[in-house]
Amino acid sequence: MSFSMEVRRELSTQIPSARHCQLAELAAIISMTGDIFVGEDRCGIKIRTENLLVARKSFTLLQKTFNITVDVSVHIHKSEKKSERIYTVLVKEREAAFGVLRALKLTDGAAFHGGARMVDPLLVQQSCCRRACIRGAFLCAGSISDPRKSYHFEIACSNAGMADMLRTLIHSFGPDAKIVQRKSHYIVYIKEGTQIVDMLNIMEAHVSLMNLENIRIVREVRNSVNRKVNCETANINKTVDAAVRQTEDIRFLLERMDFEQLPPSLAEIARLRLENPDASLKELGEMLAPPIGKSGVNHRLRKLSSMAEQVRGSAG
């Protein structure tokens, strides 16, 4: 099961205890994936989805909040590539449907299809209701990438108004959500790991939050170890390359002169470098009597390299 599905599954079990929060979450679900019909002679609500979790929660919220009869049906849609289950949650009794729409403040239009409305601002005035609304919207059209690979949170909205509203609700809790248009949809997204953790907390997906934090810790430790290993490898390569050049310069000089012709301090460090080709500057300095620091060793080796360059130049 993907991480995104784990989050949705957890959110589908979160049923708010307060009626105003139930209304806010139900309004988000209907706004994202519902059809409503309001007229003089008819009134109905239809939630049509491929997601069983959305169908289940819609059914639960409608029954728990309004204590009405709700019909559920399953239709298998077959295409050339695959078969899909389409779940339909239907409130077809006129008075029951009108009561739901009145409570959700959705009775002011003749028809509504595919999320063409926004959630009424009066339903999301309280912090707990804003959480419920975001949770309902994510359950219908949200996703989170596998945190082992990347950090990406998004909710796909069919209209700019709903996307702007969700971004405003998310901003009220702190995370900096942004909007991008993708084909006919408006995507509310977050790409920063810490803020995605905050979003799971906002939606009250606490188990998923702990799982994500564990994955983030492992990722950060692994990245830190990799950075240190890469840094150590680079330093080792640098030390080895420098030692090879220094050894070549010393051998070049000794082909043309003896140790006795070198100044004592340079002769001493030259012998140590030839005897210890893998030693670092610090280790070479500690072998001297008296010991000297890295900068002192480096200064003497650079003098030897400079002398070798002068001899090469005169020979050329």
Side-chain angles (χ1 to χ4, degrees), residues 5 8-79 82-120 122-124 129 132-143 155-159 161-162 165-166 184-185 203:
M5 182 56 70
R8 283 183 172 181
R9 189 174 294 279
E10 183 178 0
L11 294 180
S12 70
T13 64
Q14 298 285 350
I15 306 298
S17 56
R19 189 173 189 271
H20 48 80
C21 294
Q22 295 169 6
L23 292 176
E25 187 163 358
L26 189 55
I29 292 173
I30 293 177
S31 294
M32 297 295 287
T33 188
D35 298 337
I36 68 173
F37 304 93
V38 181
E40 292 183 0
D41 58 346
R42 63 173 185 162
C43 182
I45 302 171
K46 180 190 291 184
I47 298 171
R48 194 168 182 269
T49 177
E50 298 174 13
N51 191 331
L52 175 60
L53 301 177
V54 175
R56 252 185 215 158
K57 189 153 198 183
S58 303
F59 177 85
T60 302
L61 287 172
L62 285 166
Q63 281 209 323
K64 187 177 181 65
T65 310
F66 297 98
N67 192 27
I68 58 176
T69 300
V70 182
D71 296 329
V72 180
S73 61
V74 183
H75 171 69
I76 299 178
H77 175 71
K78 294 183 178 180
S79 62
K82 60 179 179 179
S83 297
E84 297 177 336
R85 289 177 180 267
I86 307 297
Y87 302 92
T88 301
V89 180
L90 180 65
V91 180
K92 59 184 178 181
E93 202 279 315
R94 186 178 187 281
E95 289 303 318
F98 190 78
V100 173
L101 297 178
R102 186 170 54 234
L104 299 181
K105 305 188 184 306
L106 292 172
T107 58
D108 60 341
F112 159 78
H113 176 75
R117 283 182 193 264
M118 297 184 296
V119 174
D120 193 292
L122 292 175
L123 293 175
V124 289
C129 296
C133 181
I134 295 169
R135 181 168 59 239
F138 181 87
L139 185 62
C140 291
S143 66
I155 301 175
C157 303
S158 60
N159 66 89
M162 188 67 180
M165 188 207 73
L166 281 174
S184 62
H185 285 77
M203 297 187 297

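Small disclaimer: the values here were computed from a predicted structure and weren't measured. When reading the values below, keep in mind they use all heavy atoms of this one structure, side chains included, and skip hydrogens, waters and symmetry mates. Starting from 1, each residue takes its place in the sequence as its number.
- Between the side chain of R56 and the backbone N or O of T13, no donor-acceptor pair lies under 3.5 Å.
- Across every non-hydrogen atom of A137 and A28, the tightest pair is N-CB, 3.9 Å.
- A distance of 10.5 Å separates CD1 in I47 from CD1 in I36, rounded to the nearest 0.5 Å.
- Every residue two or more places apart in sequence or in another chain that forms a side chain to side chain contact (heavy atoms under 4.5 Å, CB included) with Y87 is listed here: T49, L52, A55, V74, R85.
- Across all their heavy atoms, A27 and L123 have their closest contact at CB-CD1, 3.8 Å.
- Looking at residues two or more places apart in sequence or on another chain, you find no salt bridge (Lys or Arg N to Asp or Glu O under 4.0 Å) involving E50.
- Pairing each heavy atom of A103 with each of F66, the nearest pair is CB-CE2, 3.6 Å.
- Between the CE atom of M32 and the CG atom of L139 there is a distance of 10.0 Å, given to the nearest 0.5 Å.
- With contacts defined as side-chain heavy-atom distances shorter than 4.5 Å, the pair H75/T88 does not qualify.
- The salt bridge (charged side-chain N to carboxylate O under 4.0 Å, His left out) analysis of residues 64-76, with sequence neighbours excluded, yields the pairs D71-K92.
- Sorted by first then second residue, the side-chain hydrogen bond (donor to acceptor under 3.5 Å, both in side chains) pairs that include residues 15-28, not counting sequence neighbours, are Q22-T65, E25-K57, E25-R135.
- Here the straight-line distance linking atom CD1 of I68 with atom CD1 of I45 works out to 6.5 Å at 0.5 Å rounding.
- S12 places a side-chain N or O within donor-acceptor distance of the main-chain N or O of R9, the cut-off being under 3.5 Å.
- Checking V70, N67, I29, T69 one by one against L62, the side-chain contact (heavy atoms from CB on, under 4.5 Å) holds for a single residue, V70.
- In this structure, L61 and P16 have side chains that are in contact, with non-hydrogen atoms separated by less than 4.5 Å.
- For the atom pair CG (L11) and SG (C140), the distance works out to 11.0 Å, reported to the nearest 0.5 Å.
- To the nearest 0.5 Å, atom SG of residue C133 and atom CG of residue L166 are 6.0 Å apart.
- Applying the salt bridge (Lys or Arg N to Asp or Glu O under 4.0 Å) rule to D120 yields no partners; only residues at least two apart in sequence or on another chain are considered.
- Taking CD1 of I30 as the reference point, atom OG of S58 lies at 7.5 Å (rounded to 0.5 Å).
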